[in-house]
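Remarks on the structure that follows.
Chain identifiers are assigned alphabetically (A, B, ...) following the order of the sequence lines, protein sequences preceding nucleic acid strands; residue numbering begins at 1 within each chain. Nothing here was measured: the structure is a model prediction, and the numbers come from that model.
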Protein chains: 2
Amino acid sequence: MANMDINEFREFGRAAIDFVADYLENIRDRDVLPSVEPGYLHDLLPGQLQDAPEDWKTIMEDFKQCILPGLTHWQSPHFHAFYPSQTSYSSIVGETLAAGLGVVGFSWICSPVCTELEVIMMNWLGQLLNLPKTFLNCGEGNGGGIIQGSASESILVAVLAAREQAVRRLKGEHPELTEAEIRGRLVAYTSDQSNSAVEKSGILGAIKMRLLPADDTAILRGSTFIQAVEEDRAAGLFPVICVATLGTTGTCAYDNLEEIGPYCNEHNIWLHIDAAYAGAALCLPEYADLMKGAELADSLNFNLHKWMFVNFDCCAMWFKDAGSVTKSFSVDRIYLQHQFQGHSKAPDYRHWQIQLGRRFRSLKVWITLRTMGAEKIRNLIRFHIQLANRFEEYVRTDDRFEVLCSTLALVCFRLKGDDAQSKQLLENITKRKKVFMIPATYQGKFIIRFMICGIDPQMHDIEYAWDEVRSQADLLLGVDQNRNEVTAKVSSPAPIEPPVFEKATEIGKITESLAGAMLLSNEKAQ
Amino acid sequence: MANMDINEFREFGRAAIDFVADYLENIRDRDVLPSVEPGYLHDLLPGQLQDAPEDWKTIMEDFKQCILPGLTHWQSPHFHAFYPSQTSYSSIVGETLAAGLGVVGFSWICSPVCTELEVIMMNWLGQLLNLPKTFLNCGEGNGGGIIQGSASESILVAVLAAREQAVRRLKGEHPELTEAEIRGRLVAYTSDQSNSAVEKSGILGAIKMRLLPADDTAILRGSTFIQAVEEDRAAGLFPVICVATLGTTGTCAYDNLEEIGPYCNEHNIWLHIDAAYAGAALCLPEYADLMKGAELADSLNFNLHKWMFVNFDCCAMWFKDAGSVTKSFSVDRIYLQHQFQGHSKAPDYRHWQIQLGRRFRSLKVWITLRTMGAEKIRNLIRFHIQLANRFEEYVRTDDRFEVLCSTLALVCFRLKGDDAQSKQLLENITKRKKVFMIPATYQGKFIIRFMICGIDPQMHDIEYAWDEVRSQADLLLGVDQNRNEVTAKVSSPAPIEPPVFEKATEIGKITESLAGAMLLSNEKAQ
């Protein structure tokens, strides 16, 4: 009488788990990009829902026939586009359990564990990332963390909270102005290299978002920011927030927080840090420099669904003063009230976010963090950086190419000369569907981004990708047999072995050797 | 080398499926409310993540020991609070598969099937709900549907899109005003009975949201709305949007769309309908009246995760002119562009929503709709309404109680007399944790809401709830043995049999008899 027979559910569920295991284990067998044209599915599915129930086996078969061919395989290690969105085995189990429990945690009473596990996970994560204690729920003061759906959502929350706090303050400071006049003079700042979500947050928040020119290494510098603010202040505008980026979408550049932060603090400008991708690297001591200036921020976010082995959606966000957001957005009703309101270990997270409803996302975080442990997380992140470094070495052995920048597990490269050839190369590679990369621009030049992604990237995947890039360059430019032989030699260095985690005693050794290798990369990244 | 061994994942995954099956099958054995105090989990979990990996069996054991006791069991049929958030077996499998595929569908090329299945599912749903064709992707014109995360998100998207469209139009109409002046004069409307998310959307969108007084049956009437708009227009304000509700959170009242809609259309005021819960009933022909006036709306939303057997989050939203939202929010970048932009069967849904990233939610919709078929969906919804009607009958047999209103699967009742006794009754019941209900107010009186929820509510669950309510009233008011014997007799009417779905031939018969029963309820609801 429920939605389906319980025993059929057991069969269907196990079949789904086995499908997922088979799919992910053999994902390299598939082209990373699909071979379908827009509208393909329209021809395969009926125009409307049928009246009668269907057997799960029929649906599973159609899933394989109709759905799979339309996928871009984000978990394939041949996916090198955008940023990673790594799922993980433990996280998949976490999603299954959360879907089975089916709770909606918009207040403590709606499922105490929903709220409390999130508080604790945000503290675990904050410590894993070596965040300043002021951001943690367990620190002194009003710090606190929450799981949002995405970086876009976190950025929007920061912009809106900053806006509301500024309006309240400015109404006191400028009794001669109406609220509409105050709101009309608000202005926010970000770099022209920040994610599209930042610009969009300005549109959604009805606040002017100035896209400031980054320097020629794609970094927003303090001087540019301060000059813009001073101009605006002189013109009677009210600077509200600066959204800085640790790891821009194009080239993973880091805005200079040490230059921007002190000015923000002095002038009551909210500083938000979008560390969607690069934030994960904060768990590595050799990347501690990344954090410089972060203590000056009012809020920051990083995506566990990018590079910390928890599937989408899962974005960690911290506030130095959680009250600044709850006071901005809080709306209450009799049907939402409960006796534990205001308890410090039972925050009503609905006031920290856009939506009322909340998924039980901390469950997959808890399961994944424990399945891996801190050392394995650190070593896998190091390994991904090492894989990118190896790709960079390959590119540098071929003098037709140049590497314009590389940071963490991202390498930005191009064919020397004008943009047309690099564009054509990328187009040809994309058409073959073996490897998926996307373009960006850097210093006015068209670049190809090579990003380490997928559920389980290995050294041979990097060789596969480089073979594809090099052979397509051969086809495009005409083969120079001589040079290719040389390159082939140079490009067969000693293999990088993935870290082994079986025994606790081995971990220390691996960490040491990897940490040494990473120090180099870290210096370069700075 | 991946996050965990593939064979261990198979074991862990199957164990999770079996756990979920056991949990949901035996959910009645648990108190619906947990017996924990705020901070309970803090004492059970370590203060930080350990270095070493842990075995999945240890984690699963801790899940049972630490997580389960902190749950409020939303899927229990003894959960009668808020609105339902029904998961379903098929939907859980859908979540598992989506988590396993791990794709992020923010544009067509990111996984064509992500976009295309959503387009098709929104058409299936639109037809199942008998929506006007103008809202469908497959209709003529610019209609279109999208899956948002929640009603809050849908409402915010409608408010922000309406705001941006209004500002653009008003800048042309009022060249004498600055944009800040225009924005300062914008005003939105909703009933004081609408969900807290509507008021919050005004705060987030920086637009004045007027909470208009509903009539004494909790309905927003056209005269109230029109009077407020006329006042505001006379004062030089610019009315932008009216967020009407089909099924208010307190008492499931329906705002009068036939009175509000024509005025909105005449005066360029966006009409959004939040049918988060009640929308599901539109699939029943006997509730077609609910739709009256909906053809006048610019956008509407309903939550599949409330009453259409798809687990949270899954909110369907339709626009009559999808361009009105994409033109409002569109921000693009080189790394997001692809060759199929603008193709009508491949909408870039990121421009229809707040966030950039998107989960593959249409997969669980497709699996669930097919697993059930249209007839089973309709009959289960009818059955839930029937269960609520039975509870209402029980309450009416007991002259200590009064039913103030009932709609669909919600019954709002109280003890006769002043509020104190009803408050005490609800408090006592809540403390016992056997049944979970929440309060609301209606016509100035404190009421107790009894809502049919849970994955598989049955007739005996209604009897269980009524026994609890009645026996607690006995304890509170002192038992009148005589009266209770009488009530006990009256309250044992013929059992309602759940619909049977095994054979296609039986469906028609059940539909007919249920439809007859529902007509009565429908008349009452109007």
Side-chain angles (χ1 to χ4, degrees), chain A residues 1-4 9 12-13 16-17 20 38-39 41 48-49 51-54 70-72 74-75 85 87-89 92-93 95-96 99-100 102-104 111-113 116 124 127 150 152 180 184 196-197 199-200 206 311 331 333 335 340 343 345-346 355-357 370 373-375 456 498 504, chain B residues 1-4 9 12-13 16-17 20 38-39 41 48-49 51-54 70-72 74-75 85 87-89 92-93 95-96 99-100 102-104 111-113 116 124 127 150 152 180 184 196-197 199-200 206 311 331 333 340 343 345-346 355-357 369-370 373-375 438 456 498:
Chain A
M1 228 307 291
N3 157 267
M4 69 187 288
F9 164 65
F12 194 9
I17 292 290
V20 167
L41 194 61
Q48 61 177 48
L49 174 61
D51 274 345
E54 293 187 78
L71 290 172
T72 300
W74 282 68
Q75 301 312 318
S85 183
T87 192
S88 69
Y89 293 125
I92 296 164
V93 176
E95 283 285 7
T96 302
V103 299
V104 185
S111 270
V113 70
E116 297 200 16
W124 282 20
Q127 292 172 78
S150 66
S152 346
S196 59
E199 184 178 351
K200 187 167 175 174
N311 73 315
V331 171
R333 288 289 191 283
Y335 49 80
F340 299 113
H343 194 289
K345 281 178 185 155
Q355 306 191 21
L356 175 59
R370 291 187 62 186
E375 273 306 307
D456 188 19
Chain B
M1 231 303 294
N3 157 265
M4 69 186 289
F9 164 66
F12 194 7
I17 292 290
V20 167
L41 194 62
Q48 61 176 47
L49 175 62
D51 273 346
E54 292 186 80
L71 289 172
T72 299
W74 282 68
Q75 301 312 318
S85 182
T87 190
S88 69
Y89 294 124
I92 296 164
V93 177
E95 283 286 6
T96 303
V103 299
V104 186
S111 270
V113 69
E116 297 199 13
W124 282 20
Q127 292 171 80
S150 66
S152 347
S196 59
E199 184 178 352
K200 187 166 176 176
N311 73 314
V331 170
R333 287 289 191 285
F340 299 112
H343 194 287
K345 283 179 184 154
Q355 306 191 22
L356 174 58
L369 292 183
R370 289 188 62 187
E375 274 305 308
I438 57 162
D456 189 19

For the residue pair [X] and [Y], what are the closest heavy atoms and their distance?
X	Y	answer
B/Ile92	A/Gly100	CD1-CA, 3.7 Å
B/Gly357	A/Ser152	N-OG, 4.4 Å
B/Phe9	A/Ile17	CE2-O, 3.8 Å
B/Leu356	A/Ser196	CD2-OG, 4.3 Å

Distance-only, no hydrogens or angles: does the B/Glu116 side chain make a donor-acceptor pair with backbone N or O of A/Gly39 under 3.5 Å?
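Flag set: sc B/Glu116 to bb A/Gly39 pair under 3.5 Å.
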
Keeping the roles fixed (side chain from B/Asn3, backbone from A/Tyr89), state whether a donor-acceptor pair exists under 3.5 Å.
yes

Can you tell me how far the CD atom of B/Gln127 sits from the CD atom of A/Gln48, to the nearest 0.5 Å?
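These two atoms lie 5.0 Å from each other.
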
Heavy-atom distance under 4.5 Å to chain B: side chain of A/Gln355, backbone, both or neither?
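Looking at A/Gln355, backbone and side chain both touch chain B.
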
Using non-hydrogen atoms and a 4.5 Å limit, figure out which bit of A/Thr72 sits close to chain B: side chain, backbone, both or neither.
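Both backbone and side chain of A/Thr72 come within 4.5 Å of chain B.
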
What residue, out of [options], has the most heavy-atom pairs lying under 4.5 Å from chain A?
options	answer
B/Thr87, B/Val20, B/Asn311, B/Leu41	B/Leu41
B/Ala180, B/Ala99, B/Ala16	B/Ala99
B/Ser85, B/Gly102, B/Gly184	B/Gly102

With sequence neighbours excluded, residues passing side chain to side chain contact (heavy atoms under 4.5 Å, CB included) with A/Leu71:
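Per chain and number, A/Leu71 pairs via side chain to side chain contact (heavy atoms under 4.5 Å, CB included) with A/Tyr23, A/Leu68, A/His73, B/Leu101, B/Val103, B/Ser111, B/Val113, B/Phe360.
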
